[in-house]
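What follows is a set of notes on a single structure, which appears directly below.
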There are 2 protein chains.
Amino acid sequence: MSFQPVGSAAARAGRAQQDTKNRLLDAAERLFAERGFEGTSLRAVTRAAEASVSAANYHFGSKEALLHAALLRRLEPLNRRRLECLASAEDAARGAPLTVEAIVAAFLRPGFEARRSLQADQASDGHIAARLYTDPHGMVASLKAELFGPVIGRFLEALGRALPDRSLAELALGFQFLIGVMVHVISGHGGGPAATAIPEHQLLDHMISFTAAGLRAASHPGSTAETAGGRR
Amino acid sequence: MSFQPVGSAAARAGRAQQDTKNRLLDAAERLFAERGFEGTSLRAVTRAAEASVSAANYHFGSKEALLHAALLRRLEPLNRRRLECLASAEDAARGAPLTVEAIVAAFLRPGFEARRSLQADQASDGHIAARLYTDPHGMVASLKAELFGPVIGRFLEALGRALPDRSLAELALGFQFLIGVMVHVISGHGGGPAATAIPEHQLLDHMISFTAAGLRAASHPGSTAETAGGRR
DNA sequence: GTCTATATGTTGATAGAC
DNA sequence: GTCTATCAACATATAGAC
């Protein structure tokens, strides 16, 4: 956010500053995602970034602020893209209610693509936002609420139009289920025994079909104890 | 596992030993669940258990072994109950294939009830097994694979009989989605904005309906880009 | 079995030179 | 802006008294 001098004397210093700051953010993103916040020492980050502890504290002020910056850098554009996808789908529908599939796709695809490009770039095994979604640190929870709150509200509106006979509470709960699926997959924890046999390019479609069908399904109280029924 | 002397001289020592060990396990369970493994110092555990660090290392050997014991104490009976529920449902069905609902209920209900009794007992905000399911620590992952692997395999068999036209890979992936939903809810992270408006006693039914419908749904490739379709 | 005391290393953050 | 050097606090684990 601060402007660098353009003169030739300070040019190298200016470039180096940007580089150090970004190297720190990159290293923090990778290590926090791999080992969690408490499991990662500030020194491990600075070592990976080939910088000193002081440089990190100069740029960010504290370890917690570094996490905040690294998380925000990925999460903010991600949620912006989610809203853009939903808006453009609504524009294309010209006032007609969207498919449940189209709505959940608008929410899931941005994170899914972020995961794919991350897999290609480095050897990180999961997106930082998904990995830290369940981190016990308090700052993560508050940042999560602040950034996801409005987005979820916007998607619940769209879902309410697609499924007008369902209560807001039901839809909100179903959307929490969807988030559970997403976090599990994007964080890389969903690589169970035979689940990896599904080719990567079909994964998003499966997630969309699963969650859309789940959202559409009404709750069947009492279905829990029966062993025989109309459906298989 | 070790037998205590029954004589009156060592009776108090024997009882105290058991108490200390259990107090340590209780405190470790609560704190590890709240703050994660790396975020919890052994001292914080022993302080909460009103014991010394040495007592913890005497009984368990290390902080990591304490986590292992605390996690195993809850996870082992939980997974045993899951298998029992599935077996008794299959017995009651007398050879007929089970409902998808009955299968996912057998998997979900034990964890759900553990969460409920935990909510009643103490102020812990989530089951340790669910909270630590995503913990980056390596031991958690290996214990998870060791304990969940056979259980998941057994449930996939039952699902294969209920949905014979689906590939094993598809079912395994769908079951991973189900686990994502479960971990999200049981760990207490699924308490979003309006989702808490659902009464507690309906939560399990909603989870079952959502995941069963998701498992039944086939993937619709290309459903991701369309904005209008036959369904709403 | 449980304690106090201690050994040994690491942590996050800062001071001050350049 | 970036470094080296240093701080006080805290970590895990152990030794030895009782």
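Lettering follows sequence order; numbering is per chain, from 1. Computed over heavy atoms, backbone and side chain alike; hydrogens, waters and symmetry mates excluded. Keep in mind it's a predicted model, so treat the numbers as computed, not measured.
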Round to the nearest Å and state the distance from [X] atom [atom1] to [N] atom [atom2].
| X | N | atom1 | atom2 | value |
| --- | --- | --- | --- | --- |
| A:Lys21 | D:dT2 | NZ | C1' | 15 Å |
| A:His59 | C:dA13 | NE2 | P | 16 Å |
| B:Leu66 | D:dA13 | CG | P | 10 Å |
| A:Tyr58 | D:dC3 | OH | P | 12 Å |
| A:Leu67 | C:dA13 | CG | P | 12 Å |
| A:Asp19 | D:dC3 | CG | C1' | 17 Å |
| A:Arg35 | C:dT11 | CZ | C1' | 15 Å |
| B:Phe60 | C:dT2 | CZ | P | 10 Å |

Contact under 4.0 Å: B:Thr20 side-chain N or O vs C:dT2 OP1/OP2
yes

Does a side-chain N or O from A:Ser62 land closer than 4.0 Å to OP1 or OP2 of C:dG12, or not?
no

Any chance you could lay out the salt bridge (Lys or Arg N to Asp or Glu O under 4.0 Å) test for A:Arg73 and A:Glu29, step after step, and finish with the verdict?
CA-CA 9 Å; A:Arg73 181 174 69 142; A:Glu29 174 176 346; 3.0 Å; yes

Considering only NZ, NE, NH1 and NH2 on the basic side and carboxylate oxygens on the acidic side, decide whether A:Arg81 and A:Glu76 come within less than 4.0 Å.
no

Whether B:Asp135 and A:Arg35 form a salt bridge (side-chain N of Lys/Arg under 4.0 Å from carboxylate O of Asp/Glu) is what I want to check.
no

Protein and nucleotides 6-11 of chain D: nitrogen or oxygen contacts under 3.5 angstrom:
from: D:dA11; atom 1: OP1; to: B:Ser41; atom 2: OG; distance (Å): 3.1

So that I can compare with my own list, what are the stems of DNA chain C, taken as at least three consecutive Watson-Crick or G-U pairs with distances under 3.5 Å?
C:1-7 with D:12-18, C:9-18 with D:1-10

Which donor-acceptor pairs under 3.5 Å do side chains of residues 47-55 of chain A form with protein atoms, sequence neighbours excluded?
from: A:Ser52; atom 1: OG; to: A:Ala55; atom 2: N; distance (Å): 3.2

Take B:Glu50 and A:Asn57, find for each the nucleotide of DNA chain C with the closest heavy atom, and name the residue whose nucleotide sits nearer the 5' end.
B:Glu50

Parallel, tilted or perpendicular: which one describes the rings of A:Phe175 and A:Phe155, with boundaries at 30° and 60°?
tilted

Is the A:Phe148 ring parallel, tilted or perpendicular to the A:Tyr133 ring (thresholds 30°, 60°)?
perpendicular

Note, A:Ile179 side chain near A:Phe107 side chain (heavy atom, < 4.5 Å)
yes

Would a distance-only check, ignoring hydrogens and angles, find a side-chain to backbone donor-acceptor pair under 3.5 Å from A:Ser209 to A:His206?
no

Kindly confirm or rule out a cation-pi arrangement of A:Lys63 over A:Phe32, judged by NZ or CZ under 6.0 Å from the six-membered ring centre and within 45° of its axis?
no

Any donor-acceptor pair under 3.5 Å between the side chain of A:Ser54 and the base of D:dT4?
yes

